[in-house]
Structures are given as C-alpha cells and as structure tokens.
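A short worksheet on the structure shown next.
Chain identifiers are assigned alphabetically (A, B, ...) following the order of the sequence lines, protein sequences preceding nucleic acid strands; residue numbering begins at 1 within each chain. Because the structure is a prediction, the values reported are computed rather than measured.
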Amino acid sequence: MRLDPRLSQIMAKTVLWTFTGFTLFILIFIIVNISVKGLPQITPTFLFDLPHDMGRAGGIFSTIAATAYITLLAILLASPLGVGTAIYLTEYTREGWGTRLIRFGSECLAGVPSIILGLFGFVLFVMKLGFGWSVLSGGLTLAIMILPIIIRTSEEAIKAVPREYRQVCYSLGLSQWQAITRVVLPSALPGITTGIMLSVGRSLGETAVLLFTAGASLRTPVSVFDSGRTMAVHFYILAREGLSMPNAYGTAAILMVSILAINLVAYTLMQRLIKRYS
Amino acid sequence: MEYLSGTGRLKTRCVQAWGLHPRLMVFLPVLALLCGLVMLPAAGCGREASQQPPLCVAGSTSVQPFAEKLAEVYMHHFPHLRIDVQGGGSSAGIYATRQGAADLGASSRELVAAEKDLVEIPIAWDGIAVIVHAANPLTNLSLDDLRAIFAGKITDWRQLGQRPHAIHLITREEGSGTRNAFEELVMGKVEITPAALVQDSNGSVREIVANDPNALGYISVGLVDRRVKALSIDGVSPTREHLRQHSYKLVRRFLLVSRLPPRGPVKEFVDFVLSAKGQSLLEQEGLVGIAE
Amino acid sequence: MSREKFVERVLFLLALSSLSSLLLITVFIFLEGMPLIIETGLGNFLASSHWAPTKGHFGILAMIISSVLVTLGAMVLGVPLGLACALVLAEFSPPRLKMVLKPTLELLAGIPSVVYGFLGVLWLVPLIRDYLGGPGLSLLAAALILGIMILPTVISISIDALDAVPGPYRDGSIALGATQWQTVRRVVLPAASSGIITAVILAMGRAIGETMAVIMVAGNALKIPTSILDPVRTLTSNIALELGYASGRHREALFATGIVLFVIIMLLNLAATLLTRRK
C-alpha cells in the first residue's frame, strides 16, 4: 500500500523539524544551564584571585594564565608550520600523489583522538625529552593537535584568492615568493586568522591532552618548564572531585562563553570572506 | 602607469583591511617562531640561575590535597621557595622521583621491593573509610562481609539485612595506592569483582556515593564529609583515636619518597612537614600525625 | 633564483610537519606498546577479558566490546538527529533561517567535552538511575552523551554533501511532479550518499576516540556488559583512568590499548578518505 505523497511529505517534514528542534533544545539547554549557574560566579575576584585550598576557594587566575600560555605557545608553533604547509600545497606543487599524501597525513592527524596525542606527548615530551609536565610539553602536543585545523583553513583561504592577483604580480616582474608574501598571504589573512581562531577555541576546551602533558599544578606558570593547569583541566578536576560546584560552574561558564564567542567571530569572518570572493 | 594601479589598489586594500603593512604579515609568523625558539632554552623545570628552582612534589592523588595544603602554608611562610604539587598517582610519582623529574614522590602505598633503594619518609597515617550514602541505615560492616562484597559474593543490600536493592559498588583503578592498600588490608588474595564501578580519585568516589543511596565505596578518611557516612568495621569506627591506636584496621601510611637523602630546600620542606606545625596541619585535614 | 629555491625547500619541509608528526606518534605508541603485545600474544591480549595489569593479566576484550557498543549506541542517536538537522538546513529551511540555524548548530562543536560529561553526570545519570535502574553511570549514559557530541560532525559533513548535489537534479524531479520529500528521498539522498557515509564514519571515529566525557559517565567497570544499564569501560577511558598510576608493564599495557585504538581510528580514517576519493 502506498502512502499519499503529500501526506508522507508532511510526515517527513514533521519528523525532521522535530529532530532539529530537539537538537536545538539540547544545545540551548547546555548553554543556558552553564550560563545561569556559572555567569553569576564570575566576578573580578574570581578572575584575578589565585585558587586556594585546591580550588575550593579563591579564583582561577593561575588557570587562566596557564591556558593563555599553553594556547599561545601551541599557536606560535603550529601557525608557521600550518600556513607553510598550506602555501606549499597550493602554490608550489601540482596535485599528485605527493599532495595527496600530505593531505592524507593531515586528515589522519585530525582524526587522532586526543587521548592518543596525550599518550604520545607524555612519552615523548614529558618522559623521553625530559620536559616534565610543563607548558612546553603541553604546548608542543597541542600544536600537533591543531596543525590540521590550521592547514585546512589556510589552504581554503589561499585557494580562494583569485588567480588574477598572482598574474598581475608576475606581469609586474615579482617573483613567486614576492607575490605570495605581498599579495596572496595578505589577501588570505582573514581566512588564516579564522583557522587560528578555531584552533584557539579547540585548545581552550582540550582536557585529555593536557592532563597528561601539562600536568595539574595550580601555581601560575612562569617559565615554559613549569607545570600549569588549564581552565578545562581545572574544571574537570573541580567537577569530578566535587571540590566546589560554584567554582566549577564559573570556570565552565568562562570557558564556554569564550569558546563560543571565538567560534562565532571566526564563523562570521569566514562567511564574509566567502561572500567577498564568490 | 595604468598597469601599476592594479597592485596599488590591491595593496591599499590589504593595508586598509588590516591596518598593517603587508610585509609585516609575513614577518609575524617568523617572529612568532623565533619567540618560540628563544623561550625554549630560557629555563629548565624553572632552573634559572637567578632564582630558586621550584620544588616538584609528584604522586598519589590521595596525598595531593594534603601536599597542596602543606605547600600553600609553607610558601606563605617562606616565599623564597616555590613548590609544585602534581597528581599523577603513587607509581608515577615514584617513577618521576627516580627519573629526577620530581624532587619528592608522594605515595599512598608502601614501596615494593624494587623501589626500596629510594629514601622513604613517612609523613602521616591515613585510614581508609568505607562509605555509604548519608541516608543509608547501615552503620557497621564486618571485615568478612566487606571482603565478600568486593569479591562480588554479596551483591544485594538484602544480604546485609537491608531493604533489597543491588549494591552499586565503587572501587579505585588498578595501580592506585588507595586500592593497593585496600586490597592488602581487606581483600588478601581475593580479586575485586570486575562488576564494580571504577573511579580514578577519592573525590569522584565520594561524589558518586553522595548522590546514590545504594552505592558503597572506600576513600581516604581525611576526605569524608557530611554527605557520606563512614561505616564502622568490625564495630570500630574510623575516628582519630581508633586510627592512632590502630584498632581501626584499615590504616596505611602516607610516604614522601626521594632518590637521595633530602638536603637543601627539599630537606627544609620535609622538616616542615614533620615539624609540629606541619603535622598539626595534617591533623586538621583529618590525617593522623606520624611524628611524636 | 636561489632564494626562490631556498623558499621552496623550506616550505617543503614545513609541509612534511603533519606527516612526520603522524609518523612520530605511530612510532612512539608502537614502540611503547608492542613489547607487551608480543609477550602476551595478540590473541590473548584481544580475546581475554581479564584485566588485572598489576597481577599480570592483560586482556582488553571487555573494553573493545564496550567501545563498540557505546559507539553503536551513539550512532543510533546521533546519525538520525544529525541527518535530520542537515536535511532541514540544506533542503527545507528558508535561506534566512538557515543563516541563523547553521552557525547556532555549529556552536555544539565548540562546547568542551568535559562540559558534556559534567552535564551528563548532573542530569542524565540521575535520570537513568532513578527511572531505569542500575547505578546510572552506564553504557546508555555514555552512548547518549556521545550521540550528542557527534552531532556537529554528522551535521556539517552531511550538509556539505547535500549542498554538493547539483540544483538541476532537484528541479528535474520537482518538474516531474514529485513532492519535495520524494525528491529528497529518491534523488538528493542517493546522490549525497557517499558524503553522508563519510560523515557517519568520521563521527564513529570521533565517538570511539572520545575520552573525558566517557570517563565521567560510563562508570568504567571491567565486566563485559549484559545490559545497557551496566557500567562499562571503553578503550579510551582505560588509558586515561590508569595512565597516572601505571608503571612498567602496566604502562606498556596502556600503550598497547592505545595501539588497538589507534589502528581502529586509522582504519576508519582510511575508509573515509577512500570514500571521498572515489567521488
């Protein structure tokens, strides 16, 4: 027996919209739940005081510092590598097995679960190279984690720069590298920035990697060889050990709001870029 | 000059869009890389010549909260010394100490034969409390029953004379000092049932027990709070007196471990821990001091 | 000219960074874990469910089964939900609404996994404990949380696949008198199928590799589960739970667990890559 096409259309649409609504509900639930309980916790003292009593009291300043430090290090290490890879892939090679291999490598790297990265960082940086649980070990491992993100977005951004830009440069007698540095890269910069912002967002939320590479010391890290507890790790420990629910919510709220804001800005930047070049 | 204006426009557009000279764009990543490289040799576990290196204490998550507290107070009194307290676990702490990655290892289990070459410094006694939900009417458990529960032979509260319901058993992960001590003190040769939930810290065991009326787990006595109830074992409650007299059976030592006999700042910190002040701090936190 | 050559060389080296990182990771995980697998025997390691590493028993069967079950459970929830969202966004919603909905749904990807785990413990676990029984921390809880966590992967890759289906396909179908749903079901979905399968495979990789949220809600018991309300331990949570305390053989065993996980993930990645290549 066949269903009336119009009836099945209505049924299908209802089901699809219900599912979408449900997904949206989950999202809104998460955001509202964390914001309502967390945002009131965020006061200047919470942001700028050092944690006391294992985070039961005091603020979270040292974890903010550690997060910034580790993320910055990861970005500094990964962006030249990522952007360089993207330039090489788009400007210097023709599509072939070489580019395919490099792309496959970066895609696989993107798929490596963070716990594996954590294991790797732990054995190589923490143990074998003797960096200990430190900002450096954490930053290096994080850099590997975000490398694929930067490569992919930079490649897209560079590809989006119209061919004519380069041709104009060549006709002016500029070399290829000059064309890239003076025209292509600056035009692709918004896209590259998007990739970097997405990487920052990803780094902020990462826990598994950092728990095993950066350690969980609550002291504010000064040198790159100091251990540091990032906000995500701090939140994990607070929540899991039941140390302080208000502080856990506060940390989660800061974390979530900053990640969402970064992602949103990156998204709008990307949309604007797409609009400009299409 | 017509053909030139093309790039000119392009260039101005970039500059307008970002307020930066295009050449700067290229230098930024390079500069970034350089900064990264320069930072690398700047310090070694913070071992700059100009400043006191921080003291690394790594190990047992059971000892960690107490070590954190000690470090916090110590640094307050002697701001010249910085102390890093890491979790990671007893074995990892001992390993790190042997490797020189940590100055002091914190262990909540006794050293095994292969580790006996390290210097062990007992700092406190800690009881292992068997905990249930605050609303659970049970107050006492025999050691044999406790063993039978964790062996998976007793699985229902009914078998203990309670309202029938499955016992939600929680244990610590393999390798944990607390689990190790629990196995030695309670289980003997019997293995803990694989059906038990496994959590990786005292705090998370406590969280689950505090929220589940049918749960039963074990944690460090110092971390028992109002939301959970510590059971008496064979009629002896885990009070400080009973721990001190060792009439409460589930007692283990907390150790600090170092590769060489401590000296310099390490010794200063160890001395502080063993001093009346350090020991009273530990007592405040629910442990039983070891030094007379 | 030599400068140009130099630049090209340097860029080539940079381009090798991701590949060499991948290689380094593989080498180190295998170096640390292989000795134990060889000693225990791959068969024993994979087919025994007796895990007591400090007593010399290294069997991860229970964790493999749990990982697979949790992942399948996540797919059951995540794929229909995600696909529905993708279809609504790509086919049924007015463009203006899509402009708002798409970035909103992408926000899901930004929420850290610990937050998912935290809310799972706070809301989902008590619900399961009170209404369905068991300790709450369970296979079901892990599957539900993971199902939500894979949504962004499913949605964004499926949307790309659906958007890539040429417009004239739809116009043709509509012109023949088909309803929009018939068009989607008979024309658009089949045309986008390889992309959607890629989305599912990548989501599977994401689910099987997720650690922090699972460790918080799965209960981590070592038994092979007999019900969806049983607590389970996945490969990932096994590593994360015990790494801190492990030394010697025990640590090797955790790296060996990592090898198994790594191989599974790489096979999934390979499948996804081959699938997109064919197109």
Side-chain angles (χ1 to χ4, degrees), chain A residues 5-6 8-9 12-13 15-17 19-20 22-23 26-27 30 33-34 80-81 84-85 87-89 92 101-102 104-109 111-116 119-120 122-124 144 147-148 151 175-177 201 205 207-208 212 232 235-236 239-240 252 255-256 259-260 263-264 267, chain C residues 3-4 7-8 10-12 14-19 21-22 24-25 28-29 32 80-81 84-85 87-88 92 103-115 118-119 148 151 178-182 202 205 209-212 216 236 239-240 243 254-255 258 261-262 265-266 268-269 273:
Chain A
R6 236 170 304 169
S8 76
Q9 155 107 349
K13 267 187 144 174
V15 170
L16 291 179
W17 276 103
F19 280 16
T20 311
F22 182 64
T23 309
I26 293 171
L27 177 71
I30 294 173
N33 191 285
I34 296 287
L81 293 176
T85 306
I87 296 174
Y88 186 77
L89 285 177
Y92 282 89
L101 189 66
I102 291 173
F104 176 68
S106 127
E107 262 159 42
C108 279
L109 198 58
V112 173
S114 45
I115 184 72
I116 298 279
L119 271 179
F120 164 73
F122 175 71
V123 63
L124 179 62
I144 295 179
L147 190 56
I151 294 179
S175 73
Q176 190 177 12
W177 180 238
T207 318
F212 300 119
F235 167 66
Y236 173 70
R240 204 160 155 67
L255 205 58
M256 205 183 62
I259 294 175
L260 295 189
N263 284 5
L264 215 55
Y267 184 87
Chain C
R3 198 179 97 158
E4 285 291 306
V7 165
E8 194 179 333
V10 171
L11 286 175
F12 176 67
L14 292 185
L16 287 181
S17 58
S18 60
L19 211 54
S21 309
L22 189 67
L24 266 183
I25 293 170
F28 271 97
I29 301 287
E32 293 286 312
L81 272 187
C85 290
L87 280 174
V88 163
F92 292 103
T104 313
L105 284 173
E106 272 178 26
L107 288 183
L108 266 174
I111 294 170
S113 55
V114 275
V115 171
F118 176 63
L119 292 177
I148 297 170
L151 282 174
T179 62
Q180 203 183 0
W181 170 242
Q182 283 174 318
L202 289 177
E210 173 54 41
T211 312
M212 300 323 276
M216 291 169 94
T236 49
I239 302 172
L243 184 63
L254 297 180
F255 277 90
L261 181 66
F262 191 69
I265 299 270
M266 284 302 127
L268 288 175
N269 276 344
T273 314

Margin query: Looking at every heavy atom in both C/A240 and A/I115, which two are closest together, and how far apart are they?
Written below: CB-CD1, 3.7 Å
Item checked: Structural part of C/E8 lying under 4.5 Å from a heavy atom of chain A -> both
Notebook entry, point to check: C/S17 versus chain A, heavy atoms under 4.5 Å apart: side chain, backbone, both or neither?
Noted result: both
Check: Do A/L27 and C/L151 come close enough that some side-chain heavy atom pair is under 4.5 Å?
Finding: no
Item checked: Heavy atoms of other groups near A/F104 CZ, more than 12 under 6.0 Å -> yes
Item checked: For C/Q180, all residues meeting side-chain contact (heavy atoms from CB on, under 4.5 Å), sequence neighbours excluded -> A/Q9, A/K13, C/F92
Check: Of the backbone (N, CA, C, O) and the side chain (C-beta and beyond), which part of A/L147 lies under 4.5 Å from a heavy atom of chain C, both, or neither?
Finding: side chain
Item checked: Region of C/L268 in contact with chain A, defined by heavy-atom distances below 4.5 Å -> neither
Next item on the list: Pick one of side chain, backbone, both or neither for C/V115, based on which atoms fall under 4.5 Å of a heavy atom in chain A.
Entry: both
Next item on the list: Heavy-atom distances under 4.5 Å only: say whether C/L81 touches chain A with side chain, backbone, both or neither.
Entry: both
Notebook entry, point to check: Which atoms of A/L101 come close to chain C, meaning under 4.5 Å heavy atom to heavy atom: side chain ones, backbone ones, both, or neither?
Noted result: both
Checklist line | Smallest separation among heavy atoms of A/I144 and C/S21, with atom names | finding: CG2-CB, 3.9 Å
Check: Is it the backbone or the side chain of A/L255 that comes under 4.5 Å from a heavy atom of chain C, or both, or neither?
Finding: side chain
Notebook entry, point to check: Which region of A/L109, side chain (C-beta onward) or backbone (N, CA, C, O), has a non-hydrogen atom less than 4.5 Å from a non-hydrogen atom of chain C, or is it both or neither?
Noted result: both
Next item on the list: Using non-hydrogen atoms and a 4.5 Å limit, figure out which bit of C/I25 sits close to chain A: side chain, backbone, both or neither.
Entry: both
Note to self: Working to the nearest 0.5 angstrom, can you tell me the gap between A/L124 CG and C/F28 CZ?
What the structure shows: 4.5 Å
Notebook entry, point to check: Non-hydrogen atoms of chain A under 4.5 Å away: do they reach the side chain of C/M266, the backbone, both or neither?
Noted result: side chain
Notebook entry, point to check: What pair of heavy atoms forms the shortest contact from A/G105 to C/L22, and how long is it?
Noted result: O-CD2, 4.0 Å
Check: Should C/F118 and A/I34 count as side-chain neighbours, where that means a heavy-atom distance under 4.5 Å?
Finding: yes
Next item on the list: Determine the minimum heavy-atom distance between C/I265 and A/P113, stating which atoms define it.
Entry: CD1-CG, 3.7 Å
Next item on the list: Go through C/L16, C/L87, C/L243, C/L19 and name the one with the most non-hydrogen pairs under 4.5 angstrom from chain A.
Entry: C/L243
Note to self: So which atom in C/I29 and which in A/F120 form the shortest heavy-atom distance, rounded to 0.1 Å?
What the structure shows: CD1-N, 4.1 Å
Notebook entry, point to check: Of all heavy-atom pairs between A/T23 and C/C85, which one has the smallest distance, and what is that distance?
Noted result: OG1-SG, 3.3 Å
